[in-house]
2 protein chains.
Amino acid sequence: MRAGRGDRATIVDVARAAEVSRQTVSNVVNSPHRVAPATRARVTAEIHRLGFRPNQAARSLKKERAGTWGVQLDTRTVGQLGSILDRFLVELTTRSAPRDHHILPFVAPDVADPMAAYQEILAGQLADGFVLTDTRYEDPRPAWLLDRQVPFAAFGRIWDDPAVTAWVDVDGAAGTEAAVRHLASEGYERIAFLGWPAGSAVGDDRREGWRRAVVALDVGDAEWAAESEQQLELAALAAAPLVEVVGSGGAIVCASDALALGAWRSLHERGLRPGLDIGLVGFDDSDIAEALDLTSLRQPITEVAEGILGLLAGEGWGGRLLTPPLVARGSSSRSGRVPTPAAITAGATYPAGDRTTTDGDKR
Amino acid sequence: MRAGRGDRATIVDVARAAEVSRQTVSNVVNSPHRVAPATRARVTAEIHRLGFRPNQAARSLKKERAGTWGVQLDTRTVGQLGSILDRFLVELTTRSAPRDHHILPFVAPDVADPMAAYQEILAGQLADGFVLTDTRYEDPRPAWLLDRQVPFAAFGRIWDDPAVTAWVDVDGAAGTEAAVRHLASEGYERIAFLGWPAGSAVGDDRREGWRRAVVALDVGDAEWAAESEQQLELAALAAAPLVEVVGSGGAIVCASDALALGAWRSLHERGLRPGLDIGLVGFDDSDIAEALDLTSLRQPITEVAEGILGLLAGEGWGGRLLTPPLVARGSSSRSGRVPTPAAITAGATYPAGDRTTTDGDKR
DNA sequence: CATAGGGATATGAACGTTCAAATCGCGGTT
DNA sequence: AACCGCGATTTGAACGTTCATATCCCTATG
């Protein structure tokens with residue numbers, strides 16, 4: 001009668017059925033090599049027959065580990081244009097399973113005390129460690145967690161402390177540099193940059209890549225940069241002078257797909273066509289990039305997730321920068337169609353069209 | 001030395017410090033009314049001083065409840081244009097906390113056996129119930145869960161069994177109907193519909209609302225409907241004949257923002273302007289709707305999440321249809337700017353511009 | 001032939017909490 | 001004065017697992 005309970009088998013049920021002790025069943029589950037093959041087979045059979053799975057609470061209580069990694073959902077960025085949170089979360093969830101862990105999403109309601117939520121979770125032994133996202137300058141979290149010897153791994157560099165290597169990040173500078181080289185090789189002659197106001201670590205990094213490449217290839221001026229927040233109108237506004245300055249045959253590299261969309265709109269308002277008239281490259285390769293045929297730098301979410309979970313699980317090494325592959329689409333082709341046969345990448349290669357989606361369902 | 005452990009206080013530590021028994025501390029936490037005010041104050045003080053939080057594993061073990069609700073992440077829809085998964089997840093996460101629960105996201109890797117993942121979770125007592133999303137015709141999950149008396153609540157009707165009311169849904173028909181009325185009142189004279197192929201419950205529902213309204217107001221023909229999957233190119237293709245049929249001064253209601261974007265593109269290719277020449281209304285009010293100044297029907301995610309968690313917690317009642325408020329933007333204004341002072345809604349009213357975002361950070 | 005060694009399996013205890021039942025103290029009732 | 005009732009608090013047991021240790025039994029070794 002108790003909801004969801006039913007006939008759940010415990011380790012003792014299995015032990016009785018297989019005529020062994022509970023510890024032997026435990027061993028079959030946790031260290032099979034310790035159990036004689038014949039016994040192991042018998043126990044395994046009973047486990048399957050009874051549908052036994054160790055009770056996570058009991059296991060967690062005894063082992064003093066939660067079997068869970070916490071992930072703070074950043075309520076500021078969620079639902080924003082070009083957010084890749086959902087993809088990242090799916091990757092984390094998928095890849096936690098083989099490591100015998102689950103993902104515990106949480107929000108930090110108290111902006112004044114951002115660590116309170118972490119504190120709560122630790123006090124209740126709800127998570128064994130944390131995945132940090134959106135690291136920034138003066139991020140209080142790494143130091144706080146280090147202090148308490150709580151394991152963590154970040155998507156994004158620990159900007160304040162180069163000694164901490166518990167992170168995996170995307171090499172933004174390499175990305176924007178690749179974008180410039182790509183655009184130059186496509187024949188665009190003047191390449192500007194649309195980024196965020198200085199002071200954001202990620203943004204500064206991406207700008208620097210553009211600057212380096214533009215200087216190296218002599219396809220622009222370090223002054224050809226504009227700034228905007230993520231909002232579309234602001235981005236469109238900020239893009240306007242850049243459009244003027246690079247003119248037809250020029251191009252704009254953007255720090256995000258959202259900014260690129262702003263620029264895209266700015267072009268349209270002037271009757272200019274992305275790609276044909278002015279090249280455009282975004283960053284993140286979010287859903288809109290694909291939708292608007294916008295060339296973008298693809299966040300290697302899968303590899304990032306894998307790397308981070310590896311760090312949390314104590315495998316692998318940190319401090320790694322992954323190069324975001326460039327996904328070439330129409331917005332960086334002067335002929336209007338996807339230019340090079342395959343994407344220009346420094347790492348993995350993605351098919352030019354990148355229409356590898358699993359056939360879409362509704363909603 | 002053990003990572004993350006440190007000096008975590010247990011209930012006995014608190015009991016000793018406050019000079020009471022463990023059960024009294026437990027009572028202070030779980031049923032404060034049973035404890036004399038003076039004692040309660042003393043215990044509460046010690047709880048705060050020691051930073052005590054009940055160990056979730058121990059609690060869960062004893063109570064035989066996980067303190068968790070499972071949410072399957074649909075890997076087919078995630079990352080798609082206009083996905084609202086991340087917003088929904090944030091709402092669920094936020095609103096689970098006051099109900100003393102957490103959200104357990106999981107994926108079902110085995111497409112052949114979609115219930116395997118649910119089975120696993122139940123067997124391990126990892127969740128007390130499930131939040132279902134993307135319900136459809138012949139969804140195996142409700143029956144399976146009912147069979148096992150596992151609590152669940154769905155975002156989306158249980159289409160196959162009207163007797164089951166463990167759901168909250170958005171009234172798609174009412175939404176598209178409101179869209180038609182809105183467009184008609186804005187002066188659009190011929191209103192078509194771009195939806196998904198028949199057979200998807202959500203899609204059929206949304207189409208029906210359009211059909212009803214168009215007939216009632218005499219602003220269209222039931223034949224003026226086209227079908228497309230979520231992919232942009234296909235949508236643009238499917239929209240083309242509709243554009244022809246309604247012509248300038250006509251409008252198109254779409255079953256999703258992604259489809260609307262397809263239509264939007266189709267308009268642009270013909271040199272037609274959304275709003276000024278042809279009205280356009282999407283569905284979901286996802287990030288792109290806001291970005292492209294696209295009128296859309298807003299999924300009342302907050303209310304849905306609240307309703308669903310209420311059902312899981314045993315409060316409230318199910319079988320509720322929430323009316324999606326229409327968020328009017330430029331794409332449904334013949335003058336090109338947002339028409340009515342406020343959105344036309346049947347429930348909550350949203351500011352016309354709907355720029356109520358919390359100042360955006362990067363990434 | 002006794003015994004050491006060691007692989008396979010079993011037993012006792014503990015993780016931290018809550019439930020059920022027992023105990024305590026005290027004012028009110030007969 | 002003895003007892004009842006009741007609120008406040010305590011005690012014993014149990015949730016299901018794993019760790020540490022103990023036991024068993026068989027083979028190899030001197």
Side-chain angles (χ1 to χ4, degrees), chain A residues 2 4-44 46-47 50-68 100 122-126 128, chain B residues 2 4-44 46-47 50-68 100 122-126 128:
Chain A
R2 203 195 288 95
R5 177 73 164 55
D7 47 352
R8 215 188 328 276
T10 77
I11 204 172
V12 202
D13 298 328
V14 177
R16 225 187 327 258
E19 299 182 294
V20 293
S21 72
R22 23 177 237 293
Q23 184 59 39
T24 300
V25 179
S26 175
N27 285 337
V28 169
V29 174
N30 298 303
S31 3
H33 63 274
R34 287 199 199 159
V35 182
T39 321
R40 192 192 314 162
R42 190 154 32 97
V43 172
T44 309
E46 290 301 330
I47 287 178
L50 299 172
F52 166 75
R53 302 248 65 191
N55 179 308
Q56 184 61 37
R59 171 179 269 190
S60 170
L61 175 60
K62 176 63 196 180
K63 300 188 85 158
E64 305 192 2
R65 306 200 290 103
T68 283
D100 244 311
L122 285 177
Q125 271 214 65
L126 257 81
D128 302 323
Chain B
R2 203 194 288 100
R5 177 82 165 46
D7 47 353
R8 212 187 332 273
T10 77
I11 204 172
V12 205
D13 298 328
V14 178
R16 225 188 325 261
E19 298 183 296
V20 292
S21 71
R22 23 175 237 296
Q23 185 59 38
T24 300
V25 178
S26 175
N27 285 337
V28 169
V29 174
N30 298 303
S31 4
H33 62 275
R34 288 198 197 160
V35 181
T39 322
R40 194 191 314 162
R42 190 155 30 97
V43 172
T44 309
E46 289 302 331
I47 287 178
L50 298 172
F52 166 75
R53 301 250 66 193
N55 178 308
Q56 184 61 36
R59 172 179 269 193
S60 169
L61 175 60
K62 176 63 196 178
K63 302 187 84 158
E64 306 194 0
R65 305 200 292 102
T68 283
D100 244 312
L122 285 177
Q125 271 217 64
L126 256 84
D128 301 323

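Reminder, nothing fancy here: chain letters follow the sequence lines and each chain counts from 1.
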Rounded to the nearest Å, what distance is computed from the CZ atom of residue B/R53 to the C1' atom of nucleotide C/dT17?
14 Å

Output yes when a side-chain donor or acceptor of A/D128 lies under 3.5 Å from a complementary backbone atom of A/R65, and no otherwise.
no

Measuring from atom OG1 of B/T68 to atom CD of A/Q56, what distance do you get when rounded to the nearest 0.5 angstrom?
10.0 Å

Nearest to the side chain of A/V20, heavy atoms from C-beta on, is which of D/dG16, C/dA8, C/dA10?
C/dA10

Checking all strands, does B/T24 fall into the base, sugar-phosphate, or nothing category for heavy-atom contacts under 4.0 angstrom?
base

What does the list of N/O pairs under 3.5 Å between the protein and nucleotides 18-24 of chain C look like, with a distance for each?
{"unit_1": "C/dT18", "atom_1": "OP1", "unit_2": "B/N30", "atom_2": "ND2", "d": "2.9"}
{"unit_1": "C/dT18", "atom_1": "OP1", "unit_2": "B/R59", "atom_2": "NE", "d": "3.0"}
{"unit_1": "C/dT18", "atom_1": "OP1", "unit_2": "B/R59", "atom_2": "NH2", "d": "3.1"}
{"unit_1": "C/dT18", "atom_1": "OP2", "unit_2": "B/S26", "atom_2": "OG", "d": "2.7"}
{"unit_1": "C/dT18", "atom_1": "O4", "unit_2": "B/R22", "atom_2": "NE", "d": "3.1"}
{"unit_1": "C/dT18", "atom_1": "O4", "unit_2": "B/R22", "atom_2": "NH2", "d": "3.4"}
{"unit_1": "C/dC19", "atom_1": "N4", "unit_2": "B/Q23", "atom_2": "OE1", "d": "2.5"}

What is the distance, to the nearest angstrom, from the NE2 atom on B/H33 to the P atom on D/dA8?
9 Å

Please round to the nearest 0.5 Å and tell me the distance separating atom CZ of B/R22 and atom CD1 of B/I11.
8.0 Å

d(CZ, A/R34; P, C/dA8) in whole Å
11 Å

Tell me which one of A/T24, A/V43, A/V25 satisfies side chain to side chain contact (heavy atoms under 4.5 Å, CB included) with A/V35.
A/T24

In this structure, how many angstroms lie between the P atom of D/dA8 and the CZ atom of B/R40, rounded?
9 Å

Return all side-chain donor-acceptor pairs below 3.5 angstrom for residues 27-34 of chain A, not counting sequence neighbours, or 'none' if the list is empty.
{"unit_1": "A/N27", "atom_1": "OD1", "unit_2": "A/Q23", "atom_2": "NE2", "d": "3.3"}
{"unit_1": "A/N27", "atom_1": "ND2", "unit_2": "A/Q23", "atom_2": "O", "d": "3.4"}
{"unit_1": "A/N30", "atom_1": "OD1", "unit_2": "A/R59", "atom_2": "NH2", "d": "2.9"}
{"unit_1": "A/N30", "atom_1": "ND2", "unit_2": "A/S26", "atom_2": "O", "d": "3.1"}
{"unit_1": "A/N30", "atom_1": "ND2", "unit_2": "A/S26", "atom_2": "OG", "d": "3.3"}

Protein-nucleotide distance (B/N55, atom CG; C/dC15, atom P), rounded to Å:
12 Å

How far does OG of A/S60 sit from CG of B/N55, to the nearest 0.5 angstrom?
6.5 Å

Between A/E19 and A/R42 the two heavy atoms that sit nearest each other are O-NH1, 3.9 Å

Without decimals, in angstroms, what is the distance between A/R16 CZ and C/dT9 P?
19 Å

Base, sugar-phosphate, or nothing: which does B/S60 touch, judged by heavy atoms less than 4.0 Å apart?
nothing

Whole-Å distance between D/dT17 C1' and B/E64 CD?
14 Å

Measure the distance from CG on B/L61 to C1' on C/dA14 and round it to the nearest whole Å.
12 Å

